[in-house]
Amino acid sequence: MFKNIIAPVQAWLLSKGQCVGCGTALSKSKKTKGKNGTVKVTCKCGRIFIYDPKNKKYRRALFEEV
Ligand SMILES: [Zn+2]
């Protein structure tokens with residue numbers, strides 16, 4: 001039930017380049033090289049995201065990418 005409410009909010013935050021947990025701008029977070037030209041972004045709160053420079057979008061890291 002909660003997932004249905006939280007998911008659109010998370011997608012909205014990510015579309016603005018902000019962490020879904022703490023709202024920090026991911027552009028200021030620590031970045032490391034990811035797979036296939038992506039960038040792994042680690043927020044100060046510990047959440048990990050994947051930035052894809054091709055479509056300029058952030059998404060949550062998959063379990064196997066963490
Ligand atoms: Zn965060």
Side-chain angles (χ1 to χ4, degrees):
M1 181 190 172
F2 286 115
K3 267 189 178 170
N4 293 336
I5 299 166
I6 293 167
V9 177
Q10 293 191 342
W12 174 71
L13 282 168
L14 280 179
S15 73
K16 299 200 304 172
Q18 288 180 255
C19 174
V20 300
C22 64
T24 299
L26 294 174
S27 58
K28 291 172 190 158
S29 300
K30 188 173 150 250
K31 295 179 186 67
T32 51
K33 204 165 168 285
K35 287 178 201 164
N36 304 319
T38 59
V39 180
K40 191 168 147 184
V41 184
T42 307
C43 184
K44 64 179 182 185
C45 71
R47 285 175 175 79
I48 297 170
F49 302 90
I50 302 294
Y51 177 69
D52 190 342
K54 275 177 280 181
N55 56 20
K56 297 185 172 66
K57 281 202 170 99
Y58 290 95
R59 61 173 173 80
R60 293 294 299 270
L62 300 174
F63 182 73
E64 63 264 28
E65 293 169 324
V66 174

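Here the structure is a predicted model, which is why all the values come from computation and not from measurement.
- Across all their heavy atoms, L13 and C19 have their closest contact at CD1-O, 3.9 Å.
- Side chain of K31 to backbone of L26: a donor-acceptor contact under 3.5 angstrom is found.
- The minimum heavy-atom distance linking F49 with R60 is given by the pair CE2-CD, 3.1 Å.
- Neither I50 nor V20 shares a network with the other; the hydrophobic side chains, linked directly or stepwise wherever heavy atoms of I, L, V, M, F, W or Y lie under 4.5 Å apart, form separate groups for each.
- Annotation for N55: atom CG counts as buried by contact number, over 12 foreign heavy atoms lying within 6.0 Å.
- K30 contributes atom NZ, which lies 15.0 Å from atom NZ of K44 (distance to the nearest 0.5 angstrom).
- Scanning both residues, Y58 and S27, for their nearest heavy atoms gives OH-N, 3.8 Å.
- One finds a salt bridge joining E65 and R59 here, because a Lys/Arg side-chain nitrogen approaches an Asp/Glu carboxylate oxygen to under 4.0 Å.
- Counting only heavy atoms from C-beta outward, the side chains of K40 and I48 approach each other to under 4.5 Å.
- Across all non-hydrogen atoms, the minimal contact from T42 to S29 is O-CB, 3.5 Å.
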